[in-house]
Amino acid sequence: MVRVSWESGVVVKTESSKLILDPINHIGSADCAFISHAHRDHTGAFIDTKKTKYSTKETIALFEAITEKKVKNAVSCAYGKPLKLHQSELKIINSGHVFGSGSLLLNEKGVTFFYTGDFNFTDTLTQKAITPQECDIMVVETTYGRPNFLFPPREEVYDSIVDWAAKTIMDGDLPCILAYPVGKAQELTKLFNLYTSIPVVTHPSITKTNSTVNAFGGDLTYYDLSREGEELIRSKSCVCLFPTSYHPGTLKMVYRYARVAIVTGWALSFGRRSADDAFVLSSHADYDQLMGFVKACKPKKVFTIHGYAEDFANKLKRKGIEAEPL
Ligand SMILES: [Zn+2]
């Protein structure tokens, strides 16, 4: 028996245990927690000092680097290695979303439960796509769960970003890109490293995440804004990565020649907002990928969370798959 409910995170109750997945703030009455990846809206459980937290070693390292806090009572997990929790067997697999991100498989008495967490069903320059897992009960994230969310081919977007940066430099301006420090920033760093000779200058928050990835054997080349990056910015012969929390107007006050682009899947809906340009590049699955992924997992029951959970559950039902938003 596996029961699924919502209590500021996904609660999975089996006969032997109660586990909470990606709680927003605290573990509550659950015995322990699973943290799927290092984006801030998923890491609330790390602040609990007493209860056990399961996560990948990469996610724990990213969280500690970002917050400069030590996580206590965490079980540092490796992809694919089974773990025992009372009568359940747990396994974390790569979810393809960001560095260290994981999906959780739980099996108890022959029933398989699968929690995707945030995931990507396509290869990127830095992550391998998630692999479908056959399961009985599935909790799937549906951030882009409407049919209008269809992302362009990744290689085309990569080309457009590189062309945009090169043209901006040729025009005598400074290309600045707003991107999430965990995930997109590594993908963009790798893009410019692989296909151009344009140096990548990183805001300190991105320097932290890039250096954590390199500490695990990554090969990202970048220059911190507050150190060697300063000279590169003066020469206007580099591309700068800033977190999405920066407002383009603020950046332009500091760097008069900045041309600012935002890189996110949401550009499909919201366009460039206050930036000069926007590129549709996401670390999530788009609608077709979500549908293809769920079908490949052959679940008997699906719970949808995040984004367009109700819309996507309705689409699944129309295709004969039992589904409801959580
Ligand atoms: Zn995420």
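Only heavy atoms go into these numbers, but all of them, side chains included; no hydrogens, no water, no symmetry mates. Both counts, for ligands and for their atoms, begin at 1 and track the order of listing.
A cation-pi arrangement is found for Lys236 relative to Tyr257, the charged atom lying closer than 6.0 Å to the ring centre and inside a 45° cone about the ring normal.
Take the Zn ion (ligand 1) and draw a sphere of radius 2.8 Å; the protein N/O/S atoms inside it number 4.
Between the Arg154 side chain and the Ser282 main chain, a donor and an acceptor come within less than 3.5 Å of each other.
With sequence neighbours excluded, no residue satisfies side chain to side chain donor-acceptor pair (under 3.5 Å) with Ser55. Checked against ring pair (Phe, Tyr, Trp, His ring centres under 6.0 Å), Tyr54 has no partners two or more places apart in sequence or in another chain.
Sorted by first and then second residue, the pairs that involve residues 184-212 and meet ring-ring contact (aromatic ring centres under 6.0 Å, His included), not counting sequence neighbours, are His203-Tyr246.
A tilted orientation is assigned to the rings of Phe242 and Tyr255, their planes being inclined by 30° to 60°.
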